[in-house]
Amino acid sequence: MTTPVVFQYQQALDEFRREGREPPLLKRMSELISLLDLSTTLGSTLSGAEILDAALLIVMGELQVSRGALYVAEQGRYRRRAARGLAPGAPETIERSEIPERPFAPGPDDEALAQAGFALVCPVRKAGRPIALLGLGPRVEGRPFGPEETGFLESLAACAATPIENGLIYEELRQVNRTLSVKVYQLHSLFDIGRELTASLDEDAIERLVTTTVMGHFLASRCALYRLGPDGLDLGHARGVKPGEAPRRVPAEPGALQRDLTGPRCVADLPDGVLKAALSGARFALAVPLAAGERLSGLLAVGDRPGGRAFGEEDLDFAGALARQTQAAIEAARSHRMRIEKERQDRDLQIAREIQRSLFPTTSPGVEGFELVAVSRSCFQVGGDYYDFIPLEGGCLGLVIADVSGKGTPASLMMASVHAWLRATAGTARPTQVLERLNRFLYASTQTSRYVTLFYGELDPSRHSLVYVNAGHVPPYVRRRDGREERLTAGGPVIGLLDDVALETGEIVLEPGDLLAVVTDGVTEALSPGGDEFGDERVRRVLARSADHGATRALSALVAEVDDWTGTAGCTDDLTALILRAT
């Protein structure tokens, strides 16, 4: 075995050194032994840190120095991986772009190397590229580094280059494997949480699931989910937070939040302001934005981890991916809720349409000596206009045209009430009494903002007379055969707005050829594309042109004229018109 021989050479060399002599042959033998030990150490199965530390001890022992360090190239700088005897405050990293080919003594510009107390620095190269720096302090008893020591270091660097590079590659592969393992674990977690999120359509359940998952994954002490409102961030759900610890609202401008929260960020890295102060005060360490596209919609705040362990890049990537999944699930839940709400509204509108359809007469009644036609056209799905023909005793006929305030189901229900009331009470008392009682009923049973404009008339065909009450409605137009025009204004205020109203009646006699037109404000206030109203004057002109051609022709001409007027602007209100012409 070579071990006894090596030991004998080392003993002899030590004896010569004690006498102040270094025989060249024994010195060379010692260097070869050190290189052999170094190669054996670098090729051992120890961990990377242990190998480098043992190799450094071999070199320091051979050259008899009390201070040394090995710096390995990492990401454009040299990081210390092994050290012995360095003074406190010695640099952990060395940044130097130009490295000499051979061992060199640090100059006055090498502040980091001088601060570490190195007298000689030997570069370790692989394929001409420096991969490490070996720094050594002064030798014992102040002996200088001679050509023999420099040559030994160069041989040592040549032997160590490949093992060090292999070690670096091995460490890099281990780090990659660790990163991949973390990524695989995170992907499994994201897959599991994604499956749970897509299975729920309840926003509260989604928020509870996300906060619980985040705390379990990061082993965080607390977690909270904030929703973005008009005045800032409002607390939606929290776990691990005692009452009063987390602010219920973080006042902030949405634009500022959008600018500061471009991605997951540690709270300590946020710009100074209200958000950073609020999250830090509640002991949150990580802020993860929830965003819908480019628009911020909320914030996930994560508490600190055990031992204050920092959040790495993998953690930030996981938090960002989880935030995207969370936002998608919340958006899906909101879309589902909106779809359910729309379906409910559609059902309400369908009911309202059916109610409204049941209120209108299916045909116009035949009245001896008169032509009677009417039309009602809703601008939207459910209108607020109403007309009716009510048979009365003695061959008389009640004529009703009304405009209920508002739209949708409430307007249809109010219209149904008016319809039922008039059908039940018309002809049982004077028109003013009927409408005054209707007013008290609507005032007591509906909201104060609801009212009805209404024109009610009782036609007596035998006398060609019409007794009427105009309750706040557009005054009807009377076109006499000789061209004279009148407006029917007798009545009073709208129905249902005031507790008590006093109404009055008016009466006219319609001679053969006279025409009565009752319309809602959907005719007179119809807007052109330029925003101008159709107006009373145009109604009169249409009636003047068509009165002699019969009620049906007059009604058709009026509706066509309004449609031409609105053009591309479309309707803005319901259109209802009733034409009565004495024959």
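- More than 12 heavy atoms of other residues, nucleotides or ligands shown are found within 6.0 angstrom of CZ on Arg541.
- Thr520 and Asp385 form a side-chain donor-acceptor contact under 3.5 Å, judged by distance and modelled atom types alone.
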- Apply side chain to side chain contact (heavy atoms under 4.5 Å, CB included) to the pair Cys396 and Glu458, showing each step before the final yes or no. CA-CA 7 Å; Cys396 295; Glu458 294 183 353; 5.6 Å; no
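- Relative to the ring axis of Tyr477, Arg487 places its NZ or CZ within 45° and under 6.0 Å from the centre.
- Contact annotation: the side chain of Thr576 never approaches that of Asp403 to less than 4.5 Å [non-hydrogen atoms, C-beta and beyond].
- For residues 348-377, the pairs satisfying ring pair (Phe, Tyr, Trp, His ring centres under 6.0 Å) are Phe360-Tyr387, Phe370-His464, with sequence neighbours left out.
- Geometrically, Arg538 engages Trp565 in a cation-pi contact, judged by NZ or CZ lying under 6.0 Å from the ring centre and within 45° of the ring axis.
- Looking at residues two or more places apart in sequence or on another chain, you find a ring pair (Phe, Tyr, Trp, His ring centres under 6.0 Å) between Phe455 and Tyr468.
- A 4.5 Å side-chain heavy-atom check between Leu516 and Leu488 finds at least one atom pair inside the cut-off.
- Just one residue in the list Asp304, Leu316, Leu300 forms a side-chain contact (heavy atoms from CB on, under 4.5 Å) with Leu286, and that residue is Leu316.
- Of the charged side-chain nitrogens involved, none lies within less than 4.0 Å of a carboxylate oxygen, so that Asp548 and Arg553 do not count as a salt-bridged pair.
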TODO: Report the C-alpha separation of Val367 and Leu459 in whole Å, then their side-chain angles, then the decisive distance to 0.1 Å, and conclude whether the side chain to side chain contact (heavy atoms under 4.5 Å, CB included) test is met.
DONE: CA-CA 10 Å; Val367 182; Leu459 176 65; 4.1 Å; yes
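- Partner Asp514 forms a side-chain contact (heavy atoms from CB on, under 4.5 Å) with one of Arg481, Arg581, Glu486 and no other, that one being Arg481.
- Within the 4.5 Å cutoff, side-chain heavy atoms of Val434 are placed close to those of Leu422.
- Remark: of the listed residues Arg227, Arg249, Arg248, Arg249 is the sole one forming a side chain to side chain donor-acceptor pair (under 3.5 Å) with Asp234.
- At a threshold of 4.5 Å between non-hydrogen side-chain atoms, the residues Thr326 and Leu290 count as touching.
- Considering CD of Glu533 and OG of Ser528, their distance stands at 9.5 Å, rounded to 0.5 Å.
- Note: Phe218 and Phe311 meet the aromatic proximity criterion, with ring centroids under 6.0 Å apart.
- Remark: the Arg437 side chain and the Thr425 side chain contain no N/O donor-acceptor pair separated by less than 3.5 Å.
- Counted by atom type alone, Gln327 and Ser297 present one or more donor-acceptor pairs between their side chains at under 3.5 Å.
- At distances below 3.5 Å, not a single donor-acceptor pair connects side-chain atoms of Asp460 with backbone N or O atoms of Ser465.
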